[in-house]
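Beneath this line is the structure, given in structure tokens, with notes to follow.
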Amino acid sequence: MLGKLNMDQFAMGSSNETSYFGNVVSPWRRNDGGNAALAPGGSSGGSSSAIAARLCPAATGTDTGGSIRQPAAFVGISGIKPTYGRCSRWGIVAFASSLDQAGPMARDVRDCAIMLEAMAGFDPKDSTSLDLPVPEWEAGLNSDLRGKKVGIPKEYRLDGIDEDIAAMWDNGIAWLKDAGAEIVEISLPHTKYALPAYYIIAPAEASSNLARYDGVRYGLRDLPDGAGLQDMYAATRAAGFGAEVRRRIMIGTYVLSAGFYDAYYTQAQKVRALIARDFENAWKQCDLILAPTAPSAAFGLGEKTSDPLSMYLNDVFAVPASLAGLPAMSVPGGIDKQGLPLGLQIVGKALDEQGVLNAGLAIEERAGFTAEAEKWW
Ligand code: GLN
């Protein structure tokens with residue numbers, strides 16, 4: 001273990017800018033001759049940047065709604081969120097417990113497989129941990145996809161999709177075909193409800209999980225002179241939670257409140273079930289799904305901080321697999337016109353990390369992604 005890396009506070013964010021310590025800067029720069037500082041993705045922006053800058057060969061992350069995959073995509077590395085329950089969350093601060101899952105980020109697919117094998121396995125200390133043997137994912141790596149069907153979800157072709165993203169996705173399709181896979185068009189009809197459902201369920205669970213940070217037992221304690229218990233709660237929570245975390249606690253508390261519970265939380269849970277069913281139906285037609293990881297390349301630091309909704313929109317392709325608990329991986333898919341890396345996402349059936357890694361490897365072998373962040377620092 002070399003050290004700890006930065007992340008968005010309580011893993012809430014897509015750019016590292018909500019970190020208590022201030023954000024990490026991506027090692028990448030646009031090719032426009034400018035020097036604009038770019039977001040390293042989030043919440044695992046410290047991990048993504050450290051790997052992309054070659055400070056370490058691999059790092060861990062947690063992925064509640066994309067925090068392994070989106071930062072990996074932003075800096076041109078690989079990252080896999082395994083099936084919900086594969087890796088123990090014991091010792092990890094809970095964000096949204098029904099979604100949180102740990103996984104590795106690394107320079108290539110093989111390193112991800114090695115890391116995942118080391119990280120996965122049953123842990124009686126995590127009640128959601130899967131009591132299953134850990135496959136030998138590295139030994140099982142095989143980029144020959146003959147006999148596999150890969151689904152292309154038509155709902156992910158959003159109106160106004162970035163043309164570089166669309167072109168990279170087409171390249172990904174061609175590479176998987178070249179690896180022997182059969183490509184089929186599929187439909188995930190409830191995709192457009194995934195992001196709103198996620199941004200109800202995740203804050204709801206977060207507001208409950210974060211209730212324990214009141215200064216009594218966990219984390220920070222702010223006990224002003226002469227303060228009573230209520231004052232300590234208030235001071236601790238005011239000092240310990242940044243603006244984004246407070247926003248989530250307020251949204252979560254609101255959607256769980258007596259008058260609105262059914263309208264928001266129950267509704268979102270139903271949508272979640274429909275999204276999981278979309279995938280179940282898709283598996284009747286295909287073994288894997290290919291999509292972009294994020295709708296854009298890395299954006300500039302400060303570009304989205306005043307508009308939380310546009311920040312949330314960056315998670316649009318990542319959250320469906322999280323809501324369904326499925327394994328999903330991002331691998332570098334190319335470079336856009338600005339010279340920035342883009343990620344391709346592979347989603348697999350529950351417990352089929354091997355299938356996901358193998359498709360990731362097939363892409364890696366064909367994408368020829370060798371670009372590295374320029375050493376400007
Ligand atoms: N960007 C998403 C959010 O802010 C995902 C975060 C995560 O996966 N930890 O909720």
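When a ligand or atom number is given, it counts from 1 through the structure's own listing order. Just so you know, these numbers use all the heavy atoms, side chains as well, and skip hydrogens, waters and symmetry mates. Predicted model only: the values in this text are computed from it and were never measured.
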Report, in ascending order of atom number, the atoms of ligand 1 lying under 4.0 Å from any heavy atom of Met12. 4 (O)
Checking contacts here: is it the side chain or the backbone of Met311 that comes within 4.0 Å of ligand 1, counting heavy atoms only? Could be both or neither. neither
Any side-chain heavy atom of Thr60 sitting closer than 4.5 Å to one from Met119? yes
Quick check on contacts: which atoms of ligand 1 are under 4.0 angstrom from a heavy atom of Phe95? 9 (N), 10 (O)
Counting from 1 in the order shown, the ligand 1 atoms closer than 4.0 Å to a non-hydrogen atom of Asp63 are 8 (O)
Numbered atoms and elements of ligand 1 in range of Thr64, under 4.0 angstrom, heavy atoms: 7 (C), 8 (O), 9 (N)
Taking all atoms of both residues into account, what is the closest heavy-atom pair of Leu357 and Cys112, and its distance? CD2-CB, 4.5 Å
Determine the interplanar angle of the Phe74 and Phe299 rings, folded into 0 to 90°, and report it as parallel if under 30°, tilted if 30 to 60°, perpendicular if over 60°. perpendicular
Look at atom OH of Tyr265 and say whether more than 12 heavy atoms of other residues, nucleotides or ligands are closer to it than 6.0 Å. yes
Gly13 near ligand 1, heavy-atom distance under 4.0 Å? yes
Region of Asp315 engaging ligand 1 - heavy atom pairs below 4.0 Å: side chain
Side-chain (Asp8) to main-chain (Gly42) donor-acceptor, under 3.5 angstrom: no
Answer yes or no: does an N/O atom from Thr62 fall short of 3.5 Å to an N/O atom of ligand 1? no
Taking non-hydrogen atoms only, is Ala11 closer than 4.0 angstrom to ligand 1 via side chain, backbone, both or neither? both
For Gly65, counting its heavy atoms only, list the atoms of ligand 1 lying under 4.0 Å from any of them. 5 (C), 7 (C), 8 (O)
In terms of side-chain geometry, is the basic nitrogen of Asp144 or Arg146 positioned less than 4.0 Å from the acidic oxygen of its partner? yes
Of the side chain and backbone of Tyr199, name the one, both, or neither that has a heavy atom under 4.0 Å from an atom of ligand 1. side chain
So which of Asp336, Asp164, Asp162, Asn314 actually passes side-chain hydrogen bond (donor to acceptor under 3.5 Å, both in side chains) with Ser296? Asn314
Fit a plane to each ring of Phe241 and Tyr213, take the angle between them on a 0 to 90° scale, and name the class: parallel (under 30°), tilted (30 to 60°) or perpendicular (over 60°). perpendicular
Check each atom of ligand 1 against the heavy atoms of Ser43 and keep those under 4.0 Å away; list them by number with element. 9 (N)
Nearest non-hydrogen protein atom, atom 4 (O) of ligand 1: Arg248 NH2, 2.7 Å
Could you tell me the residue and atom name of the protein heavy atom closest to atom 7 (C) of ligand 1, and the distance to it rounded to 0.1 Å? Ser67 OG, 2.4 Å
Looking at Tyr198, which atoms of ligand 1 are within less than 4.0 Å of one of its heavy atoms? 2 (C), 3 (C), 5 (C), 6 (C), 10 (O)
Greater than 12 external heavy atoms within 6.0 Å of Arg246's CZ: yes
Side-chain heavy-atom pair Arg107, Ser78 within 4.5 angstrom cut-off: no
